[in-house]
Amino acid sequence: MTATATHQGKQSMDAALYAEARHLMVDDQLRPSEITDSRILEGMRTLPRELCVRPELRNAAYADTSLPLSQGRVLPQPLLTARLVQAAMPSAGQHVLVVGAATGYTAALFAYLGLRVTALESDATLMQIGQSFCNSHAPDVVWQQATLSEGVAALAPYDLIYFDGCITTLPDFCDRQLTPQGRIVGLLQSNAALPEAFSAVREPGYSKPFRITFLFEAQAPLLPGMAPERTFSF
């Protein structure tokens with residue numbers, strides 16, 4: 001057997017093992033945890049999550065844990081992604097802005113669900129990985145590199161704004177770039193409390209632009225530029 005044939009055989013074996021790991025992730029982690037949207041389950045059975053993490057961590061790509069990327073960023077644990085995407089109630093044809101798209105996994109999942117996806121990322125290295133991943137598995141995703149706290153006004157409005165990480169307050173751009181019936185989903189950390197998953201919608205007559213509903217506690221690092229400004233007292 002030639003070296004090329006041996007390499008191809010190993011790649012096929014690796015692909016089969018990863019495919020088995022994807023099915024186990026869905027059946028052992030997601031389905032028992034009330035992930036009932038069959039489209040999300042099918043998408044997470046299909047997308048090769050191992051290509052969204054560092055090569056040395058690929059064997060852990062389907063473990064029930066978040067995985068480090070770089071500069072304090074992570075790929076959220078599969079169940080957290082599934083719960084947040086399900087809470088977003090995505091519908092085919094909607095336009096979603098994924099803020100902090102990183103290596104592209106969640107952006108590709110929304111594309112698999114039939115949404116038009118704009119992926120916003122500030123880190124050039126992560127964005128390069130995400131673009132490469134989406135070119136192969138979600139080619140219609142549109143990538144933009146910019147400061148996360150500003151959104152992408154040129155491609156607005158969005159039916160859904162999804163923060164793929166933690167924030168401390170809703171950025172001002174949400175009010176300007178979300179459709180009147182739109183929804184915002186992500187993780188919100190207030191003061192020193194544990195971050196909580198949330199869903200926010202506009203509500204006529206409400207005193208603030210959005211009514212926020214908290215869903216469950218979770219762990220994730222703050223997205224770049226989303227930490228509160230430091231204040232000093234003397």
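Fair warning: this is a prediction, and the values are worked out from it, not measured in the lab.
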Taken to the nearest 0.5 Å, the spacing of F210 CZ from F198 CZ works out to 9.5 Å
In this structure, CZ of R202 is separated from CG of D175 (nearest 0.5 Å) by 4.5 Å
Is there a path of hydrophobic side-chain contacts, each under 4.5 Å between heavy atoms, that joins V74 and Y162? no
| task | For residues M25 and D64, determine if any side-chain heavy atom of one lies less than 4.5 Å from a side-chain heavy atom of the other. | result | no
Side-chain donor-acceptor pair present, D37, Q86, cut-off under 3.5 Å:
no
Practice problem: Give a yes or no on whether a salt bridge exists between R58 and D14, defined as a side-chain N under 4.0 angstrom from a carboxylate O. | Solution: no
ask   = Hey, are E203 and R211 close enough for a salt bridge, meaning a charged N less than 4.0 Å from a carboxylate O?
value = yes
For P68 and L57 the tightest heavy-atom approach is O-CD1, 3.7 Å
Taken to the nearest 0.5 Å, the spacing of E196 CD from S190 OG works out to 7.5 Å
Extract all donor-acceptor atom pairs below 3.5 Å that involve side chains of residues 145-158 and protein atoms in other chains or at least two apart in sequence.
from	atom 1	to	atom 2	distance (Å)
Q145	NE2	S122	O	3.4
Y158	OH	V152	O	2.5

_Walk me through whether S70 and T125 qualify under side chain to side chain contact (heavy atoms under 4.5 Å, CB included)._
CA-CA 9 Å; S70 67; T125 300; 5.7 Å; no
Donor-acceptor contact present, side-chain T118 to main-chain V98, <3.5 Å
no
Could you tell me if the side chain of I167 sits less than 4.5 Å from the side chain of Q189, heavy atoms only? no
What one should report as the nearest heavy-atom pair of I40 and I35 is CG2-CG2, 4.3 Å
| said: Taking the six-membered ring of Y112 as reference, does the cationic atom of R39 (NZ for Lys, CZ for Arg) lie under 6.0 Å from its centre and within 45° of its axis? | reply: no
**Message:** Quick check on the hydrophobic clustering: are L75 and L24 connected, directly or via other members, by side-chain heavy-atom contacts under 4.5 Å?
**Reply:** no
Quiz item: Do side-chain atoms of S132 reach the backbone of Q128 as a donor and acceptor pair under 3.5 angstrom?
Solution: no
Next on the checklist: Test your reading of the model: is there a side-chain donor-acceptor pair from R83 to the backbone of F216, 3.5 Å cut-off?
Outcome noted: no
Is it the case that Y62 and R22 place a side-chain donor and acceptor less than 3.5 Å from each other?
-> yes
The reported gap from CG in L51 to SG in C134 (rounded to nearest 0.5 angstrom) is 11.0 Å
Check: Q94 main-chain N/O paired with S91 side-chain donor or acceptor under 3.5 Å: no
Distance col, row Q29:CD vs M44:CE, nearest 0.5 angstrom, shows 8.5 Å
Just checking, any donor-acceptor pair under 3.5 angstrom between side chains of S199 and R183? yes
Fill in: Residue pair L109 / L47, side-chain heavy-atom distance below 4.5 Å
yes
Sorted by chain and residue number, the ring pair (Phe, Tyr, Trp, His ring centres under 6.0 Å) partners of F173 (sequence neighbours excluded) come out as none
**OP:** Indicate if L187 and L215 have the same hydrophobic cluster label, given that clusters are the connected sets of ILVMFWY residues with side-chain heavy-atom separations under 4.5 angstrom.
**Re:** yes
CG of L30 to CZ of R45, rounded to nearest 0.5 Å, is 8.5 Å
Joint cluster assignment, V53 & I129, ILVMFWY side-chain distance < 4.5 Å
no
Are I212 and I161 connected in the hydrophobic side-chain network, where two residues link if heavy atoms are under 4.5 Å apart?
yes
Spell out, as yes or no, whether a donor-acceptor pair under 3.5 Å connects the side chain of S66 to the backbone of P76.
no
### Message
Strictly distance-based, threshold 3.5 Å: is any side-chain N or O of Q77 a donor or acceptor partner for the main-chain N or O of L79?
### Response
no
